[in-house]
Amino acid sequence: MSRPTIAFAKPEAPATGTLVVLVAEDLALPPTAAALDATCGGALGRAIAKAAFKGKGFATLDVVAPAGCDLDRVVLVGLGKPADLSEKDWLKLGGVVAGKLIDLKVAAATLLLERADGEGIVAERAADVALGVRLRAYAFDGYKTKKKDDDDKVTLDLTLALADSSAAKKLWKARVEPISDGVTLTRDLICEPANVLGTEEFAAKAKKLEKLGVEVEILGEKELKKAGWNALLGVAQGSKRPPRVVIMRWNGGAEGEAPVAFVGKGVVFDSGGISIKPAAGMEDMKGDMGGAAVVTGLMHALASRKAKVNVVGAIGLVENMPDAGAQRPGDIVTSLSGQTIEVINTDAEGRLVLCDVLWHVKETVKPAAIVDLATLTGAILVALGKLNAGLFTNDDILAERLTTAGLVTGETVWRMPLSADYDKLIDSTWADMKNTGGRDAGSVTAAQFLKRFVGDVPWAHLDVAGTAMGSPSTDLNKAWASGWGVRLLDRLVADHYEK
Ligand code: BES
Ligand code: MN
Ligand code: ZN
């Protein structure tokens, strides 16, 4: 499925093709559909009765070639009790409609956004529906050379028909389509295999954000060595791929206003290094740059919608491989901050990458807040599964903001603890700290490690090992990577940092 085209128009039933109609539990047809039903001799009302369609939320009924008109089909979609629908539900509705139309191989359709109860569907909800359509239609299928039937030819042109069509179109173009494009970029980056997307290739993708007005600075190996990013460099030294650090700046706010910073773990492939991982499932570690992919997709979204805010996105790109030059367990590295780290396990590499990026951001950007994202620990999957990201923070306000934004967008987070007693678990006999604290509380000790590099800056760490990849199939996503986090953080920025 290629990207559906989205258009907006006034409510009108097309003479031919496919029409999608929303029907609530009272089973009344919205005005435009009721008029159509009258001209085709009550075919829709009869289908509803004969099929025992109850208008329950997100149920569908496909009425093929209704008698008395020239339409191919009318697809009825249940709205349940429309007054109860939240923003998330309208997104889901878009996903359900797109899923149905794709299954039916419908190439063009009009979605009638009208309610029978006389309530208008506002522009915001229409834009949510359009976002749901785009998210659901996404597929990472560029490497399939043999398609089933003529799947590759399947396209979808969807017209959203509503009274407030011009406001909806404006909102979609200016604010919501950019979010959709940001999520798409994130999904593409995560799904791309590591032989194709190495550190330099990822940096080149980030560089493209310059077209949107983002300033992109790329630090190479020489500069990193000179400045002393030894924790990050230690991870990279076992790979042929050179490390890259990318700093993206979007200056949409007032001059001099402290930016909010997003930091991402970008391990393009994590073999574990000398502490090599078992073979089973290792292929998933192409997604170990998920945090960096979210930061890049978020910057794309914020710049595309010209967000009135200063934002910095910083990603550390390395590959964790075992070779003769690789870092060993027992090695001691001096991080950019000057703090020394004993490397107990080379597979706990994400924190070694992030600690130097966090320190650099804290020192050079002077941010109002830092949010980092990392596919950091398998332990967070054990704790929370794929349904919540682990949230660790030194700031209760940030905790509340992220939690609320999660509930609104459906990209939810669950707060986990930090404390001095957990912090002790990473003290080292040989250096200032060690890079693992043992099996117990593995996600917490990883977060405690990061905390040692952010000083007093309000900071939140999102452990997205469970949410970034291997995503469950939902109405909004069928791909391996859902792009989790882009919508959450776009909302955080919009609600709390944007003027
Ligand atoms: N990238 C992994 C974490 C991961 C696991 C992400 C599963 C996504 C799915 C990380 O670098 C890692 O290997 N962590 C180790 C830490 C341990 C050695 C202290 C882990 O979780 O086992
Ligand atoms: Mn690892
Ligand atoms: Zn990793």
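Both backbone and side-chain heavy atoms feed into the values below; hydrogens, waters and symmetry mates do not. Note that ligands are numbered from 1 as they come in the structure, with each ligand's atoms numbered from 1 the same way.
At a threshold of 4.0 Å, the pair Asp396-Arg415 counts as salt-bridged, since one of the basic side-chain nitrogens sits closer than that to a carboxylate oxygen. The pair Glu200-Arg241 does not count as a salt bridge, with every side-chain nitrogen at least 4.0 angstrom from each carboxylate oxygen. Using a cut-off of 4.0 Å between Lys/Arg side-chain N and Asp/Glu carboxylate O, Arg125 and Asp128 are scored as salt-bridged. Using a cut-off of 4.0 Å between Lys/Arg side-chain N and Asp/Glu carboxylate O, Asp288 and Lys265 are scored as salt-bridged. A salt bridge between Arg401 and Asp495 is absent, with no side-chain N of the basic residue lying under 4.0 Å from a carboxylate O of the acidic one. Salt bridge status for Arg452 with Asp423: present, with a side-chain N to carboxylate O gap under 4.0 Å. Between Asp188 and Lys205, none of the side-chain N atoms (NZ, or NE/NH1/NH2) sits under 4.0 Å from a carboxylate O, so this pair counts as no salt bridge. Salt bridge present: Glu210 and Lys207 bring a charged side-chain N and a carboxylate O closer than 4.0 Å. A salt bridge links Lys424 to Asp421: one of the charged nitrogens lies within less than 4.0 Å of a carboxylate oxygen.
Close contacts of ligand 1 with Glu349, meaning ligand atoms under 4.0 Å from a residue heavy atom, involve 11 (O). Each of the following atoms of ligand 1 lies closer than 4.0 Å to a heavy atom of Lys265: 1 (N), 10 (C), 11 (O). Each of the following atoms of ligand 1 lies closer than 4.0 Å to a heavy atom of Thr436: 19 (C). Residue Ala465 has at least one heavy-atom neighbour below 4.0 Å for each of these atoms of ligand 1: 6 (C), 8 (C). If you number the atoms of ligand 1 from 1 as listed, the ones under 4.0 Å from a heavy atom of Lys277 come out as 2 (C), 12 (C), 13 (O). Every atom of ligand 1 with a heavy atom of Thr375 under 4.0 Å away is listed here by number and element: 1 (N), 2 (C), 3 (C), 6 (C).
The CG atom of Asn195 lies 9.0 Å from the NZ atom of Lys286; values are rounded to the nearest 0.5 Å. In this structure, NZ in Lys478 is found 5.0 Å from CZ in Arg136, a value given to the nearest 0.5 Å. Between atom CG of residue Leu391 and atom OG1 of residue Thr412 there is a gap of 11.0 Å, rounded to the nearest 0.5 Å.
The backbone of Leu376, and not its side chain, has at least one atom closer than 4.0 Å to an atom of ligand 1 (non-hydrogen atoms only; backbone = N, CA, C, O). Contacts of Asp347 with ligand 1, taken as heavy-atom pairs under 4.0 Å, involve both backbone and side chain.
Remark: ligand 1 and Leu381 share no N or O pair separated by less than 3.5 Å (distance only, no angle test). The shortest N or O to N or O distance between Asp270 and ligand 1 is under 3.5 Å.
Distance screen at 4.0 Å: atom 22 (O) of ligand 1 has no protein heavy-atom neighbour inside the cut-off.
Distances from atom 16 (C) of ligand 1 to the heavy atoms of Arg351, Met285, Met469 put Arg351 nearest. Taking only non-hydrogen atoms, the option from Ala379, Gly273, Gly378 nearest to atom 20 (C) of ligand 1 is Gly378.
Cation-pi geometry between Lys362 and Trp459 is not satisfied (NZ or CZ under 6.0 Å from the ring centre, within 45° of the ring normal).
Centred on the Zn ion (ligand 3), the angle running from Asp288 (OD2) to Lys265 (NZ) is recorded as 90°, rounding to 10°.
Shortest contact from atom 17 (C) of ligand 1 to any protein heavy atom: Ala348 CB, 4.4 Å. Looking from atom 18 (C) of ligand 1 to the surrounding protein, the closest heavy atom is Asn345 ND2, 3.4 Å.
Distances from the Zn ion (ligand 3) to the N/O/S atoms of Glu349 are shortest for OE2. Within Asp270, the N, O or S atom at minimum distance from the Mn ion (ligand 2) carries the name OD2. Distances from the Zn ion (ligand 3) to each N, O or S atom of Asp270 single out OD2 as the nearest.
Because the distance cut-off is set at 2.8 Å, Asp347 fails to qualify as a neighbour of the Zn ion (ligand 3), as none of its N, O or S atoms comes that close. Note on Glu349: counted as a metal contact of the Mn ion (ligand 2), an N/O/S atom lying under 2.8 Å.
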